[in-house]
A.B. asks: 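Encoded as structure tokens, here's the structure I'll be asking about.
As the structure lists them, so they are numbered: ligands from 1, and atoms in each ligand from 1.
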Amino acid sequence: MRSMLVPGKATCILGAQFGDEGKGKFVDLLAQDADLVCRVQGGNNAGHTIWVSGRKVVTHLLPSGVLHPQCEVAIGAGVVVDPLVLRDEILRLKEQGFDLAPERVHIDFRATAILPAHKAQDLKREFERSQSGTAIGTTGRGIGPAYASRAHRDAPRLGECISPGYLEHFAQSGHPLAEGLTPETLAETMEACQFLRPYLKDVAMLVHNRLNDGARVMIEGAQGGLLDVAYGTYPYVTSSNLVAGSCPGGIGMPPTKVANIIGVTKAYATRVGHGPFPGELTGALEEGIRERGHEFGSTTGRSRRIGWLDLVALRYMACVNGYQSLALMKSDVLSGLTDIGLVTAYKDKRTGELMNGWPMTAVAWENIEPVIEFAQGWQQVVDSKNNLDPVCEQFVQRIENWIGVPVSYVSTGAERLEGVWRNVR
Ligand code: IMP
């Protein structure tokens, strides 16, 4: 697996579904051999869960690489950062015994700050949408409003927030984003920003220098391609670009430095929040998979919707992202099922006709009916020698043939060491 990380180059690990694919575990696994792991987009809408020796560690803003002492971590200018959340996360991980020294944790001055007004706007907008039945089901963390105000060139960035007198002045300025900066929240925000001060750097230049020194760099995607603001199931998406092409920009790295792009998918599908979900399950099957897979959001605790693996979407994501290999997570959760569904085509439910190509409009998404084929299930995903069950192996090969991308890793349990490498030295 060391061969997946190339000295002086970057490897992108990207969610190929609606987020929550198990990227945290996969990144954590590869991070053993990495020198630097970077977050490039999103914010604390993400939640990465890693199980280490029976201990659950969750990160929202820091990349999963932070759990490996030899690995530096970076948050790029493309990320939206709630200063209080990041400060608390650093303190929590420190308490758990991890090294969070500013020498190994780098945050770009230019990351956009999430302010109380962004969170209030997010909740208000969601409430308004819910009145007309069009709520997105956002995480309520202020992500969309923060990106919108960056696009409007209104939002302060972390670099501004640590400048002497800046936030006090901003709070008095009558600026719409100053709303919610009460004396109390202003003091808290200023304190959190000052805490972050030693971590703030020119991360683009730092990454440039590390790559020149031969570092093995990883980009840890947040969310998943189907939530990309341009290529996902718009408008039921997040507010950033998540596709491979946008990742280097989020940290200030030239695209020519990306050597490897790996898509991460579960053996089934989940979605949090509203929006189209071909292959969605209901009833006992849905509940059983949710329980076995612990499919409750690590950020909001919401129950995740459950569905069969969607090969149509995975193939489209493979085209848009250029995955060179796939990691298939949580195959153990399906153990014991007699039949396992796979979405292999979309029909237009108004006409009953097979759809040609990818749905391009919200109306097209609303009218999708999935065509589902069934594969044989397996009892135990691995034998006592950690060989993949032959029936599961057939399932994996079926995915590879469909997508035209090799599966390099099959996760067979939550713990770091539960998994099988394929096609990898
Ligand atoms: P937002 O990113 O909070 O604006 O939420 C927009 C949509 O993306 C909602 O459906 C969220 O549930 C979903 N979402 C955002 N972040 C994640 C994630 O990390 N995992 C899964 N879904 C996410």
A.B. asks: Quick check: are there more than 12 heavy atoms from other residues, nucleotides or ligands sitting under 6.0 Å from CD of Glu179?
C.D. replies: no
A.B. asks: What atoms of ligand 1 come within less than 4.0 Å of a heavy atom belonging to Gly273?
C.D. replies: 10 (O)
A.B. asks: Checking side-chain contact (heavy atoms from CB on, under 4.5 Å) for the pair Thr189/Cys193: CA distance, chi angles, key distance, verdict?
C.D. replies: CA-CA 6 Å; Thr189 309; Cys193 290; 4.3 Å; yes
A.B. asks: Output yes when the distance from some N or O of ligand 1 to some N or O of Thr238 is under 3.5 Å, and no in every other case.
C.D. replies: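 Yes; at least one N/O pair falls below 3.5 Å.
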A.B. asks: Mind checking whether Leu227 contacts ligand 1 via backbone (N, CA, C, O), side chain (CB onward), both or neither, at a 4.0 Å heavy-atom cut-off?
C.D. replies: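 The part of Leu227 near ligand 1 is the side chain, not the backbone.
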A.B. asks: How far is atom 10 (O) of ligand 1 from the closest protein heavy atom, and which atom is that?
C.D. replies: Val272 O, 3.1 Å
A.B. asks: Take the angle between the ring planes of Phe18 and Phe277 and call it parallel below 30°, perpendicular above 60°, tilted in between.
C.D. replies: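 Perpendicular: the ring planes of Phe18 and Phe277 meet at over 60°.
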A.B. asks: Relative to the heavy atoms of Gly137, which atoms of ligand 1 are at a distance of less than 4.0 Å?
C.D. replies: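 It comes down to these atoms of ligand 1: 9 (C), 10 (O), 11 (C), 12 (O).
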A.B. asks: Give me the one residue out of Lys23, Lys25, Gln17 that meets side-chain hydrogen bond (donor to acceptor under 3.5 Å, both in side chains) with Glu21.
C.D. replies: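 Checked Lys23, Lys25, Gln17 against Glu21; only one passes side-chain hydrogen bond (donor to acceptor under 3.5 Å, both in side chains): Lys23.
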A.B. asks: Heavy-atom contact check, 4.0 Å cutoff: does Gln223 meet ligand 1?
C.D. replies: yes
A.B. asks: Please determine, by modelled atom types, if Glu72 and His106 share a side-chain donor-acceptor pair under 3.5 angstrom.
C.D. replies: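 On atom types as modelled, these side chains qualify, holding a pair under 3.5 Å.
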A.B. asks: For Tyr316 and Asp310, test the side chains for any donor-to-acceptor distance below 3.5 angstrom and give the result as yes or no.
C.D. replies: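 No.
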A.B. asks: In ligand 1, which numbered atoms sit nearer than 4.0 Å to a non-hydrogen atom of Phe18?
C.D. replies: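 Once the distances to Phe18 are compared, the set is 21 (C), 22 (N).
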A.B. asks: Among protein heavy atoms, which sits nearest to atom 5 (O) of ligand 1, and what does the distance come to when rounded to 0.1 Å?
C.D. replies: Thr138 CA, 3.3 Å
A.B. asks: Nearest 0.5 Å please: distance from the CD atom of Glu160 over to the CG atom of Leu167.
C.D. replies: 10.0 Å
A.B. asks: May I ask you to test the Leu177-Phe170 pair for a side-chain heavy-atom distance under 4.5 Å?
C.D. replies: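 Side chain of Leu177 against side chain of Phe170, heavy atoms only: contact under 4.5 Å found.
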A.B. asks: Regarding Asp28 and Arg416, does a basic nitrogen lie under 4.0 Å from an acidic carboxylate oxygen?
C.D. replies: yes
A.B. asks: What do we get for Asp122 next to ligand 1 when only non-hydrogen atoms under 4.0 Å count, side chain, backbone, both or neither?
C.D. replies: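 Answer for Asp122: neither.
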A.B. asks: Tell me whether Gly140 has any N or O atom under 3.5 angstrom from an N or O of ligand 1.
C.D. replies: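 N/O-N/O distance under 3.5 Å: no.
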A.B. asks: Give the residue, atom name and distance (to 0.1 Å) of the protein heavy atom nearest atom 6 (C) of ligand 1.
C.D. replies: Val237 O, 3.4 Å
A.B. asks: Under 3.5 Å between some N or O of ligand 1 and some N or O of Thr139?
C.D. replies: yes
A.B. asks: If we only consider heavy atoms of Arg271, is any one of them less than 4.0 Å away from an atom in ligand 1?
C.D. replies: no
A.B. asks: Distance to 0.1 Å, residue and atom name: give those for the protein heavy atom nearest to atom 21 (C) of ligand 1.
C.D. replies: Asp20 OD2, 3.0 Å
A.B. asks: For ligand 1, indicate whether the residue Arg302 contacts it via side chain, backbone, both or neither (heavy-atom separation under 4.0 Å).
C.D. replies: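 It is the side chain that touches ligand 1; the backbone stays farther off.
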A.B. asks: Tell me every residue that passes side chain to side chain donor-acceptor pair (under 3.5 Å) with Glu287, counting only those two or more places apart in sequence or in another chain.
C.D. replies: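 Once residues adjacent in sequence are excluded, Glu287 has no partner under the side chain to side chain donor-acceptor pair (under 3.5 Å) criterion.
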